[in-house]
Amino acid sequence: QVQLVESGGGLVQPGGALTLSCAASGRIFRINAMGWYRQPPGKERELVATITSGDHTNLADAVKGRFNISRDNAKNTVYLQMNSLKPEDTAVYYCNAGVITPFAGIQNFWGQGTQVTVSS
């Protein structure tokens, strides 16, 4: 089995910054794309950013210019650097990864979520 563990969430004032981390562990042969999604209160889960194994990135329009996604393949970890945070960025942030596992092929895994609250 594979586990994704997020960290780095918390309370921050508008204009502040946070960095989220998500580490994958378990029976991993290789990780393809990794990404971050978020679910604001009372809304559907939405894409924030993705990064391929070749470091090609895609960011949602709402976060372009403010957020950056990166990964460390040696550590099976993906990061989300969030700058100039706004109250509308308040959400539970979820890590996602497409993992190739031994004998089971590629499977999609989610983290448990970490709360980010932007408020004064």
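Numbers here are sequence positions counted from 1.
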Could you check if a side-chain atom of [X] sits within less than 4.5 angstrom of a side-chain atom of [Y], using non-hydrogen atoms only?
X: P14; Y: P87; answer: yes
X: Y93; Y: M82; answer: yes
X: S25; Y: N76; answer: no
X: T114; Y: L20; answer: yes
X: R38; Y: V48; answer: yes

- Evaluation steps, side-chain contact (heavy atoms from CB on, under 4.5 Å), between W36 and C22: CA-CA 9 Å; W36 290 93; C22 172; 3.6 Å; yes
- Message: Would R45 pass as a cation-pi partner of Y94, given that its NZ or CZ must be under 6.0 Å from the six-membered ring centre and within 45 degrees of the axis?
- Response: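 Positive - R45 is close enough to the ring of Y94 and near enough to its axis.
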Closest non-hydrogen atom pair, [X] against [Y]:
X: P41; Y: T90; answer: CD-O, 3.7 Å
X: A97; Y: I31; answer: CB-CG2, 4.2 Å
X: I51; Y: R71; answer: O-NH1, 3.3 Å
X: R27; Y: P102; answer: O-CD, 3.4 Å
X: D89; Y: R66; answer: OD2-NH1, 2.7 Å
X: V5; Y: Q112; answer: CA-OE1, 3.9 Å

- Ring centroid separation for Y37 and W110, is it under 6.0 angstrom?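 Y37 vs W110: aromatic centres under 6.0 Å.
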Are [X] and [Y] grouped together when hydrophobic residues (ILVMFWY) are joined by side-chain heavy atoms under 4.5 angstrom apart?
X: L4; Y: Y79; result: no
X: M34; Y: V2; result: yes
X: V78; Y: I28; result: yes

- Are Q115 and T117 linked by a side-chain donor-acceptor pair shorter than 3.5 Å?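 Checked: Q115/T117 side chains pair up, N/O donor to acceptor below 3.5 Å.
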- Item | Q13 and S120: side chain donor to acceptor below 3.5 Å |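 There is no such pair between these side chains.
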- Short N-O contact, K64 and D61, less than 4.0 angstrom: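 A salt bridge links K64 with D61.
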Interatomic distance, [X] atom [atom1] to [Y] atom [atom2] [nearest 0.5 angstrom]:
X: I100; Y: N32; atom1: CD1; atom2: CG; value: 4.0 Å
X: L80; Y: F67; atom1: CG; atom2: CZ; value: 6.0 Å
X: S21; Y: Q81; atom1: OG; atom2: CD; value: 9.5 Å
X: L47; Y: N58; atom1: CG; atom2: CG; value: 6.0 Å
X: N96; Y: E6; atom1: CG; atom2: CD; value: 10.0 Å
X: T101; Y: I106; atom1: OG1; atom2: CD1; value: 9.0 Å

- Query: When you look at CD of E88, are more than 12 heavy atoms from neighbouring residues, nucleotides or ligands closer to it than 6.0 Å?
  - Reply: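 Yes, enclosed.
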